[in-house]
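Below is one structure, written out as structure tokens, with a few remarks after it.
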Amino acid sequence: MPETRLDIQIEAPGLPEGSEALMQRVARSAARIEGVERVTAGVRVVDDVAIHALNKQERGVDRPTDVLSFPTVNYRRGTARDNEKLVAREYDPDTGLRYLGDIVISVDRAKEQALEYGHSLAREIGFLTVHAMLHLFGYDHMTDEERTLMRGMEERIMHDVSLDREGGALSDQELFDRAAAMLDMAYAPYSNYRVGAAILTEDGRVFTGCNVENASYGGTICAERTAAVKAVSEGARRFRAIAIAGERGPAWPCGLCRQVLREFGQDMRVIVGTKGQAFEVTTLNELLPHGFGPEDLGK
Ligand code: THU
């Protein structure tokens, strides 16, 4: 059974890594929450010049905009879930999915809005995809009633894809608690020194880790690197914060971990403490001044 997916075309540079995977997650989440699955839509990511031209041509509005949606279904009443028959007419035998229409996103406007709201570009791209998918499902924001319904759906989907916890919504205390909870998972039969870590990524996800020791001692992996590798292997590339919890005292990250973390952000917050006690907050820059990073290789 084919699963909901977007046909994404990137026509302008500047999208953060992992954006396409994020947009696919948003589409699947929106479809599941609407209760109308196995759908598809086209997405074009363009610049302000292109979206301005399209906005003028299609809507007679002579300025750029953040996102445009072009639904195939003309929902007379309600949304896709109330109009399964109309949705069924859009069945495309080639993909086995129902084609709901097209979305156009301006990466330039998304960048400006991310700055304005003080959240990441990934979050803004995620939100614009949520908003546009809902238009394709028949949601709108003309009347107060429609707007309330659409906002409610936006919040549910943003929560479902873990994009609602960004911008300080996840406190240092919460991240530290997630790290401390990982102490139970630590595999430390040799040192008996357990460590837990939790990383908050730029797109608002949390990845946890613990130290994993080895009978060949050099094979030991610290909690921080366990969490980092879990995050990167799930598509994350920028870390906003890492919390590290020791059992018997604060476990300040070792030199090797500082270098590994440096790859994924210079200004991430580093929250260090002992389980059940107060923690300290610093930044990676403070812990690793004059660090060597991907920029130094011209990457
Ligand atoms: N360890 C960590 O997991 N993180 C740190 O910040 C310091 C050290 C682990 C590695 C090893 O399992 C044990 O602590 C003793 O070095």
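Counting starts at 1 for both ligands and their atoms, following the listed order. Quantities reported herein were computed from a predicted structural model and do not represent experimental measurements.
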Looking at C222, which atoms of ligand 1 are within less than 4.0 Å of one of its heavy atoms? 1 (N), 2 (C), 3 (O), 4 (N), 10 (C)
Can you tell me which residue and heavy atom of the protein come closest to atom 9 (C) of ligand 1, and the distance to 0.1 Å? N211 ND2, 3.5 Å
Only residue of I199, I271, V270 satisfying side-chain contact (heavy atoms from CB on, under 4.5 Å) with I244 is V270
Just wondering, do R76 and L86 contact through their side chains at under 4.5 Å, heavy atoms? yes
Numbering the atoms of ligand 1 from 1, which are under 4.0 Å from a heavy atom of W252? 6 (O)
Kindly indicate whether the side chain of R156, heavy atoms from C-beta on, has any atom under 4.5 Å from the side chain of E34. no
Atom SG of C257 and atom CD of E224: how far apart are they, to the nearest 0.5 Å? 4.0 Å
Without hydrogens or angle criteria, can the side chains of S106 and D48 be said to hold a donor-acceptor pair below 3.5 Å? yes
Contact check, side chains of M23 and I8, non-hydrogen atoms, under 4.5 Å: yes
Atom 16 (O) of ligand 1: protein heavy atom closer than 4.0 Å? no
Note: heavy atom closest to atom 11 (C) of ligand 1, options E213, E247, E224, belongs to E213
Which of H135, R44, M133 passes side-chain contact (heavy atoms from CB on, under 4.5 Å) with I103? Answer is M133
For A251, counting its heavy atoms only, list the atoms of ligand 1 lying under 4.0 Å from any of them. 6 (O)
Report the nearest protein non-hydrogen atom to atom 3 (O) of ligand 1: residue, atom name, distance rounded to 0.1 Å. A223 N, 2.9 Å
With heavy-atom distances below 4.5 Å as the criterion, would you say the side chains of T226 and M182 are in contact? no
Taking only heavy atoms of T220 into account, list the atoms of ligand 1 that are under 4.0 Å away from them. 10 (C), 11 (C), 12 (O)
To which of Y190, Y217, Y187, Y193 does the heavy atom nearest atom 14 (O) of ligand 1 belong? Y193
Here the atoms of ligand 1 under 4.0 Å from any heavy atom belonging to S191 are 13 (C), 15 (C)
Only heavy atoms of P253, strictly under 4.0 Å: list the atoms of ligand 1 that pass. 6 (O)
